[in-house]
There are 2 protein chains.
Amino acid sequence: MSDSRKAATGRPRGFDIDQALERAMRVFWARGYEGASLTELTGAMGITKTSMYAAFGNKEQLFRKALQRYGAGPAAYATCALEEPTARAVALAFLRGAVRTTTPPEGPSGCLTVQGALASGDESRAVHDLLVDWRNDAGARLEERFRRAVDEGDLPRDADPRRLARFVMTTGFGIAVQAANGLGPAELDEIVDTALLGWPA
Amino acid sequence: MSDSRKAATGRPRGFDIDQALERAMRVFWARGYEGASLTELTGAMGITKTSMYAAFGNKEQLFRKALQRYGAGPAAYATCALEEPTARAVALAFLRGAVRTTTPPEGPSGCLTVQGALASGDESRAVHDLLVDWRNDAGARLEERFRRAVDEGDLPRDADPRRLARFVMTTGFGIAVQAANGLGPAELDEIVDTALLGWPA
DNA sequence: AGGGTTCTGCACCGATCGGTACTTAATTGA
DNA sequence: TCAATTAAGTACCGATCGGTGCAGAACCCT
């Protein structure tokens, strides 16, 4: 099972699967899960529906792969930020990264995990829940990092890591909405600065 | 034109139009614009598609009416908050109101204007734009109120009303996403407190 | 009673939705 | 050369989408 060595038999795939996934990701990003139709998806990927189903399974699995790619690519800032030396630097890097990712010079504005399926019909509840988990995971990792910061004396002993993590996540989500609203990186960076004014010394 | 005196002629409407609109609003709130199908909408409203079309025009106009009702009802806090005596009190009332509205004891979590159509297909771009305007209007009113606060000496002379308004709106949007993520009012109120720690004296 | 008007319920519209059956094309190993 | 295997392209599936045509039902006024 799984993707071990590629079977060397059969007709070779006629398209770049990575590039196709990248393009699918951008369609999901711009349209959301339900708003992205198979016609638009496969059109952007440059392949037919048949090829998409053979390569990815179905629309939901394509989205899961796209989300994975999103996390490793545009949203990698969320993980990288954790490596900053201080809690404040982590928060700053996280939010600056959110600004950069949600306002690309080209491509869709906003955050895939926020626009993906905030509200949706019944049939895409699985995707909705997947995104809820994704977002909560990001918050949990931030919280863990801030907990460590308290241990290291980097944050005051009475600081609440969970609360701080939730605050940073909230600001990040808000930035995603503001980016979808049309705000640019300069304006969003100002918001980040304002948000961190009350950061615990 | 418009809704002058009701024509006293013809078969009377067999349902309460206000109650039907209220229920439609809640469906849009929970499902978003595209995620809410006419079948689910009319089912919740307790009427047939024909009656809905006769009473409201079409799905988009039903949504516009629902949004109007949302602004006058659940989202009235955004306007009421402006009447608080100080800028800080305005910001606090606004965010506390956002928390209350996005986490009702019953009914959908989150904010109708955020979940409505953050990302969507082409055919509902009109609704998408409508919501962008709605959200930006709320920010503009907040900005204007903060500008007045500077004039009144309530905010420091070097405070930036637009920046503060954007920050409050961003926090509000983030709260809406967190509410959709499952956070409750107590946790969200903590976030509000954290956000206002850096509020200019 | 009868006309005018408006609302309701049913059946139905074309378009699009996500997803597939089937044929043909391209490759490998024997 | 020839199975075996896998991808690609076409044409199609039933279901659902938003939206309507039409016949009657329920009210007003004359």
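Reminder, nothing fancy here: chain letters follow the sequence lines and each chain counts from 1. Quantities reported herein were computed from a predicted structural model and do not represent experimental measurements.
Following rounding to the nearest Å, M52(B) (CE) and dG18(D) (P) show an atom-to-atom distance of 9 Å. Between F15(A) atom CZ and dT6(D) atom C1' the separation is 12 Å, expressed in whole Å. Atom-to-atom, CD of E60(B) to P of dC17(D) comes out at 18 Å; the value is rounded to the nearest Å. Protein atom CG of L38(A) is 4 Å distant from nucleotide atom P of dG18(C), rounded to whole Å. The distance between atom CZ of F56(B) and atom P of dT20(D), rounded to the nearest whole Å, is 16 Å. One interatomic measurement links the two molecules: CG of N58(B) to C1' of dC17(D), which rounds to 14 Å at whole-angstrom precision. Put simply, OH on Y53(A) is 19 Å from C1' on dT6(D), counting in whole angstrom units. Going from atom CZ of F63(A) over to atom P of dG19(C) covers 14 Å, rounded to whole Å.
Between D193(B) and R96(B) there is a salt bridge, with a side-chain nitrogen of the basic residue lying less than 4.0 Å from a carboxylate oxygen of the acidic one. The pair R31(B)-D122(A) meets the salt-bridge criterion, since a charged nitrogen lies less than 4.0 angstrom from a carboxylate oxygen.
For the pair K59(B) and Y53(B), the cation does not sit on the ring face, since its NZ or CZ is not both under 6.0 Å from the ring centre and inside 45° of the axis.
The side chain of S51(B) has dT8(C) as its nearest neighbour among dG18(C), dC17(D), dT8(C).
Nearer the 5' end of DNA chain D, as judged by each residue's closest nucleotide, is the contact made by A54(A), out of A54(A) and K59(B).
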Quiz item: Going through the checks in order, is the ring-ring contact (aromatic ring centres under 6.0 Å, His included) test met by F146(A) and W199(A)?
Solution: CA-CA 12 Å; F146(A) 289 159; W199(A) 194 260; 5.5 Å; yes
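Phosphate contact (OP1/OP2 of dT16(D), side-chain N/O of S37(B), threshold under 4.0 Å): absent. Residue R11(A) places none of its side-chain N or O atoms closer than 4.0 Å to OP1 or OP2 of dA25(C). One finds no side-chain N or O of T9(A) lying less than 4.0 angstrom from the OP1 or OP2 phosphate oxygen of dG29(C). Phosphate contact (OP1/OP2 of dG19(C), side-chain N/O of K49(A), threshold under 4.0 Å): absent.
If you check every strand for non-hydrogen atoms under 4.0 Å, T50(B) touches a base.
Looking at S120(B) and E34(B), their side chains never bring a donor and an acceptor atom within 3.5 Å of each other.
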